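Worksheet: the structure to be examined is printed underneath.
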Amino acid sequence: MGAVTTTHRFDPDAFLRRPFTARLATEGPTVRPVRYLWEDGAFWVLTGPWTRLFDRVRKDPKVALVVDECDLATGRVRQVQARGRAELVPFDVPRGRRKLTRYLGADETRWDERFVRYLYDDPAERGTVWLRLMPTSLTTHDLGYEVR
């Protein structure tokens, strides 16, 4: 991962395994919400030629990403920030299933058809790829507070 921050007040791997929505920034700047899979030290995001994200990353692969939570009832406020160069890599179904199950549950019969198509359409025909971000910088921030 390069120059990754190693001092954390909470476990970033455990935090990033939760099904949060991240915000991904590309050149422009443009920021968009994305669902991701944190696996093998990388963020994995489904994309393809039908999205602006695909074209923006091909033009300039430098990206920044933030995942955060804010719980007003408990005062838990945490965030993970990542920076690096995104790559567009071939889609694989097993990773796709893990990513979609994380957000939609294990029962594929309950999934919206557009998500099922990612797993069963031909990725080469559709153009589905992964945006993989292996961070060169990964920092955590614990901004929590005591609730009175």
Side-chain angles (χ1 to χ4, degrees), residues 1-72 75-106 108 111-145:
M1 273 197 284
V4 176
T5 303
T6 56
T7 305
H8 303 293
R9 292 184 63 193
F10 60 93
D11 179 3
D13 287 320
F15 179 82
L16 293 170
R17 281 193 294 269
R18 296 176 56 201
F20 292 121
T21 298
R23 278 155 313 283
L24 181 70
T26 57
E27 166 277 325
T30 299
V31 178
R32 67 194 33 81
V34 294
R35 293 179 180 159
Y36 66 92
L37 180 66
W38 172 251
E39 190 172 85
D40 300 329
F43 292 92
W44 300 82
V45 176
L46 282 170
T47 192
W50 62 88
T51 68
R52 290 185 186 154
L53 176 61
F54 179 86
D55 290 330
R56 286 185 177 276
V57 168
R58 284 188 7 191
K59 179 180 175 188
D60 184 352
K62 291 182 303 229
V63 299
L65 180 140
V66 65
V67 180
D68 59 2
E69 71 174 330
C70 179
D71 186 334
L72 299 176
R76 187 189 325 261
V77 181
R78 295 179 175 176
Q79 61 182 221
V80 171
Q81 296 175 344
R83 295 183 186 280
R85 297 178 69 78
E87 301 175 88
L88 298 172
V89 298
F91 178 78
D92 64 283
V93 171
R95 190 181 315 269
R97 182 170 280 112
R98 289 191 300 275
K99 188 245 184 198
L100 292 170
T101 297
R102 159 186 170 93
Y103 290 97
L104 304 172
E108 291 179 30
W111 295 4
D112 184 287
E113 181 60 32
R114 64 190 160 147
F115 299 116
V116 174
R117 282 193 303 254
Y118 285 120
L119 300 181
Y120 298 105
D121 284 357
D122 179 357
E125 187 177 306
R126 184 172 196 183
T128 304
V129 294
W130 288 112
L131 177 155
R132 177 177 63 194
L133 170 59
M134 295 197 74
T136 55
S137 169
L138 184 80
T139 57
T140 63
H141 301 278
D142 186 337
L143 306 170
Y145 55 89

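All of these numbers come straight from a predicted model, not from anything done at the bench.
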Do any N or O atoms from the side chain of Arg102 and from the backbone of Arg17 form a donor-acceptor pair under 3.5 angstrom?
yes
Are any non-hydrogen side-chain atoms of Glu108 and Arg97 less than 4.5 angstrom apart?
yes
Find the distance between CG (Leu16) and CG (Leu37) and round it off to the nearest 0.5 Å.
10.5 Å
pair Trp38-Phe15: side-chain heavy atoms closer than 4.5 Å
no
Taking ring-ring contact (aromatic ring centres under 6.0 Å, His included) as the definition, give me every residue that meets it alongside Trp111, ordered by chain and number, with sequence neighbours left out.
none
Indicate whether the side chain of Arg52 and that of Thr30 have a donor and an acceptor atom separated by less than 3.5 Å.
no
Specify the closest pair of heavy atoms between Gly96 and Leu119, including all atoms of both residues, with the distance to one decimal.
C-CD2, 3.7 Å
Mind checking side-chain contact (heavy atoms from CB on, under 4.5 Å) for Pro94 and listing every partner two or more places apart, or none if nothing turns up?
Asp92, Arg98
For Phe10 versus His141, what's the shortest heavy-atom pair and its separation?
CE2-O, 3.6 Å
Give, for atom CD of Gln79 and atom OG1 of Thr139, the distance between the pair rounded to the nearest 0.5 Å.
7.5 Å
What are the two closest heavy atoms between Ala42 and Pro135, and how far apart are they?
CA-CD, 4.4 Å
Ion pair check, Lys62 and Glu27, cut-off under 4.0 Å:
no
Taking atom OG1 of Thr101 and atom CZ of Phe115, what is their separation to the nearest 0.5 Å?
12.0 Å
Could you tell me which non-hydrogen atom of Ala22 sits nearest to which non-hydrogen atom of Val67, and how far apart they are?
CB-CG2, 3.6 Å
Can a salt bridge be assigned to the pair Glu39 and Lys99 using a cut-off of 4.0 Å between side-chain N and carboxylate O?
no
Please lay out, stage by stage, how Leu131 and Leu88 fare under the test side-chain contact (heavy atoms from CB on, under 4.5 Å).
CA-CA 5 Å; Leu131 177 155; Leu88 298 172; 4.2 Å; yes
Nearest-0.5 Å distance that lies between atom OH in Tyr103 and atom CZ in Phe20
9.0 Å
Can you name the side-chain contact (heavy atoms from CB on, under 4.5 Å) partners of Val63, sequence neighbours left out?
Leu24, Thr26, Val57, Ala86, Leu133
Not counting sequence neighbours, list each pair that qualifies as a salt bridge (Lys or Arg N to Asp or Glu O under 4.0 Å) and has a residue in residues 131-141.
Glu87-Arg132
Derivation of the side-chain contact (heavy atoms from CB on, under 4.5 Å) call for Asp68 and Arg23:
CA-CA 9 Å; Asp68 59 2; Arg23 278 155 313 283; 2.5 Å; yes
When every non-hydrogen atom of Gly84 is compared with those of Thr136, the smallest separation belongs to CA-OG1, 3.7 Å
Partners meeting side-chain contact (heavy atoms from CB on, under 4.5 Å) with Thr51 (sequence neighbours left out):
Thr47, Leu53, Phe54
Roughly how far apart are Arg126 CZ and Tyr118 OH, rounded to 0.5 Å?
5.0 Å
In short, Arg95 meets Asp40 closest at the heavy-atom pair NH1-OD2, 3.5 Å
By ring-ring contact (aromatic ring centres under 6.0 Å, His included), Tyr36 pairs with (sequence neighbours left out) Phe43
Nearest-0.5 Å distance that lies between atom CG in Leu100 and atom CG in Leu46
6.0 Å
